[in-house]
K.L.:
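Structure incoming, see below.
So that the names make sense, note that chain A is the first sequence line, chain B the second, and so on, each numbered from 1.
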Amino acid sequence: MNGQSQSFSRTLKHLFSSAAAADNTISVAKCESVLYHCANTKSVSSTKKIHAYAIRNGLLSSHHSTHFLSLLTAAYAVGGQAVFARQVFDRLPQRTLRSYKSMIRMYAENGSSREALRLFVEMLESGHSGPEKYTYPFVIRACGDLLMLELGTAVHGLALISGCGTDTFIGNSLLAMYMNCGDTERAKQVFEAMREPTIVSWNTMISGYLRNDKAAAALMMFHELVNSGVDADCATIVSVLPACGYLKDLDVGREVHLLVEEKGLGKKLSVWNALVDMYAKCGKMDEAQSVYDSMIDRDVVTWTTMINGYILNGDVNGALEMCRLMQFEGVRPNAVTLASLLAACASLPDLKLGKCFHGWAIRHNVESDVNVETALIDLYAKCNYISLSFQVLSKTSKKRTVPWNAILSGCILNERAREAIELFKQMLFEAKPNDATFKSLLPAYAMEADLQQAMNIHSYLIRAGFFLRTQIATGLVDIYSKAGSLESGHKVFNGIIEKNRDIVLWGAIVSGYAMHGHGNVALSLFYNMVMSGIKPNEVTFTSVLHGCSHAGLVDDGLTLFNFMKGSYPLCLRTDHYACMVDLLGRAGRLQEAHNLIKSMPFQPSHTVWGALLGACVIHENVELGEEAAKWVFELEPYNTGNYILLGNIYAAIGRWEDAEKIRCRMKNLQLLKSPAQSVLR
DNA sequence: CTAGGGTTAG
């Protein structure tokens, strides 16, 4: 106990002994000075005593009560007593700067950011000046927590006006806020304007870049930091290592590892855990293992990281071995461990193993964790046991969004579009949908291909304010295309500004026109896309080529194909050749089609030969038809359709015996088919 | 008094 708190407790004692003696001469001022100490020492029990004393002795009704109550508010707030603080605060005749400050701080600290900001705004509106430099960081953090970029920017301005612009703490808070809101550029500006960035500033930048999917920028920051002469600390290490892992940049990862050894930064377990994770993510399980072996202390995170590492590198047995060792060491798995094990079982998929881990989750009492529940729903859906997914769902709290998202995508996976749509309607009574919800749900509407339903979900999205996002717009374009309204799809497409149109959105509109036979529109949209600076990918090439072939645009198709060969040779896939063969073949240019196949830089697939065969049927070309058939019979021996196609060519030109022979061959194969297929499975 | 940091996660 230091001198100050000793004198405080003396004062408190004196106060109460005087009270016991019914000495009402104890002044409000005295109580106030005690309260001031209560706030400084975060002493809740003393605060309560003073509060009770004040009530008993009618101090609250005096004209001094504003000052007294605002001190009382502060004392409760500092002690984290939200309910008491609020009660006193609401009874204040006048809300003072002090009371606002302490309430804002309390709410920001206990996670009620919205409440904190409400009070902050009210404080400004009621004519108080801006907060002082110790309150700004709380307000700024609250803006960041709620992703309120506009308000955050306004607070930034206010801080500048009040002359707090150079404060390091406020600067660092601003960095974190902008990063949280996804505005990396503004964060960078603030960082560059800082006169003396501390290690915290650097770390905030590094981790912020990573959280905004800019791992390369995070690494650049790290290198700048190393060159600037500021010493890295533990937080730097655990911020930069995930970036190395994400980029699989083993060189930088090793550099960081060296730094840890040289500067003795390995005092915390989290640093070693991050190193293990980095090596695992870079695909170096042997090095991860050796870091792990060198560790004296290990916690559940270490084990989980190793287990994940083995899963990530496709070594399920290694992961299982780790589980056994972990159990042997007496370390209990947590929800994270089980969620990732279950996710691994889902991606295999391995129902039996998944059920074992479900059991393990129950034994370790984590089966009602949202992450675990979600992983279970996903697991059972991917194993085609969606009824079990529903069982898990029925036990969840339902107020969370993620399990619903999992069941929706599970329904899509099991081709239960109707059910997905029904579930979504139920979901709306319980939880708030987010972007991921629609990512899972929209394909259901595309499967239903019902224009009325398409319009329903579209109008819902607009009402709910979801219409801006590219990904969701893409889903809508796809739905409208499949439901047959290219016009509506195009309107949605036009609603996305050019800057926000990504390859997937372009792909959706192009394929929409292509699949409905509007090859010319598909083509011109495609060229618009290229002009707007979007690099086409295999998928867009396929759909636009498809469009050309469906619309009989032979020369356009050839031009496009040659453009591909010239500019995007690495994109060329077997599908593209199949489209071209189909295109040339339908136009009767069979020889050209055949030459194209022969020029292919890789083994032609059955689809390529199949396209030629199909064209040979239309144009009754036996010679090439037989050549194509020879290949498809080899590549796809159990597809009876191919035999029928060749038979049709023979029949068309009157070679009845050959047609009959092929028919027999097909029949014999059909007899073989069932046992053969069961072996193939 | 106030700022950054580890394992899941499509």
K.L.:
Under the salt bridge (charged side-chain N to carboxylate O under 4.0 Å, His left out) test, which residues partner A:E255, sequence neighbours left out?
P.N.:
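Residues passing salt bridge (charged side-chain N to carboxylate O under 4.0 Å, His left out) with A:E255: none at all.
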
K.L.:
In chain order, what residues pass the side-chain hydrogen bond (donor to acceptor under 3.5 Å, both in side chains) check against A:D435, with sequence neighbours excluded?
P.N.:
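Partners of A:D435 by the side-chain hydrogen bond (donor to acceptor under 3.5 Å, both in side chains) criterion, ordered by chain and then number, come out as A:R469.
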
K.L.:
Output all residues satisfying side-chain hydrogen bond (donor to acceptor under 3.5 Å, both in side chains) with A:T135, sequence neighbours left out; order by chain, then residue number.
P.N.:
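If we apply the side-chain hydrogen bond (donor to acceptor under 3.5 Å, both in side chains) test to A:T135, skipping adjacent residues, the hits are A:E132.
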
K.L.:
By the definition side chain to side chain donor-acceptor pair (under 3.5 Å), identify the one residue from A:K188, A:Q189, A:H156 that meets it with A:Y178.
P.N.:
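Exactly one option meets the side chain to side chain donor-acceptor pair (under 3.5 Å) with A:Y178, and it is A:H156.
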
K.L.:
What nitrogen or oxygen pairs link the protein and nucleotides 7-10 of chain B at under 3.5 Å?
P.N.:
unit_1, atom_1, unit_2, atom_2, d
B:dT8, OP1, A:K281, NZ, 3.3

K.L.:
Only distances under 3.5 Å count here; give the side-chain donor-acceptor pairs of residues 262-272 of chain A to other protein atoms, sequence neighbours excluded, each with its distance to 0.1 Å.
P.N.:
unit_1, atom_1, unit_2, atom_2, d
A:K267, NZ, A:G264, O, 2.9
A:W272, NE1, A:G266, O, 2.9

K.L.:
Can you list everything that forms a salt bridge (charged side-chain N to carboxylate O under 4.0 Å, His left out) with A:R86? Sequence neighbours excluded, please.
P.N.:
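Salt bridge (charged side-chain N to carboxylate O under 4.0 Å, His left out) check on A:R86 returns A:D90, A:E115.
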
K.L.:
Please identify each residue that fulfils side-chain hydrogen bond (donor to acceptor under 3.5 Å, both in side chains) with A:D293, with sequence neighbours left out.
P.N.:
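Only A:Q289 meet the side-chain hydrogen bond (donor to acceptor under 3.5 Å, both in side chains) criterion with A:D293.
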
K.L.:
Please classify the nucleic acid contact of A:N405 as base, sugar-phosphate, or nothing, using heavy-atom distances under 4.0 Å.
P.N.:
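Result for A:N405 = nothing.
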
K.L.:
Sort and list the pairs that fulfil side chain to side chain donor-acceptor pair (under 3.5 Å) and have at least one residue in residues 158-171 of chain A, not counting sequence neighbours.
P.N.:
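Checked against side chain to side chain donor-acceptor pair (under 3.5 Å) - neighbours excluded - the pairs reaching residues 158-171 of chain A are A:Y136-A:S162.
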
K.L.:
Provide a list of protein-nucleic acid N or O atom pairs under 3.5 angstrom, restricted to nucleotides 1-5 of chain B.
P.N.:
unit_1, atom_1, unit_2, atom_2, d
B:dC1, O2, A:R105, NH1, 3.3
B:dA3, OP1, A:R141, NH1, 2.6
B:dA3, N3, A:N172, ND2, 2.4
B:dG4, O4', A:T204, OG1, 3.1
B:dG4, N1, A:D233, OD2, 3.4
B:dG4, N2, A:N203, ND2, 2.0
B:dG4, N2, A:D233, OD1, 2.9
B:dG4, N2, A:D233, OD2, 2.5
B:dG4, N3, A:N203, ND2, 3.1
B:dG5, N1, A:K268, NZ, 3.2
B:dG5, N2, A:K268, NZ, 3.0

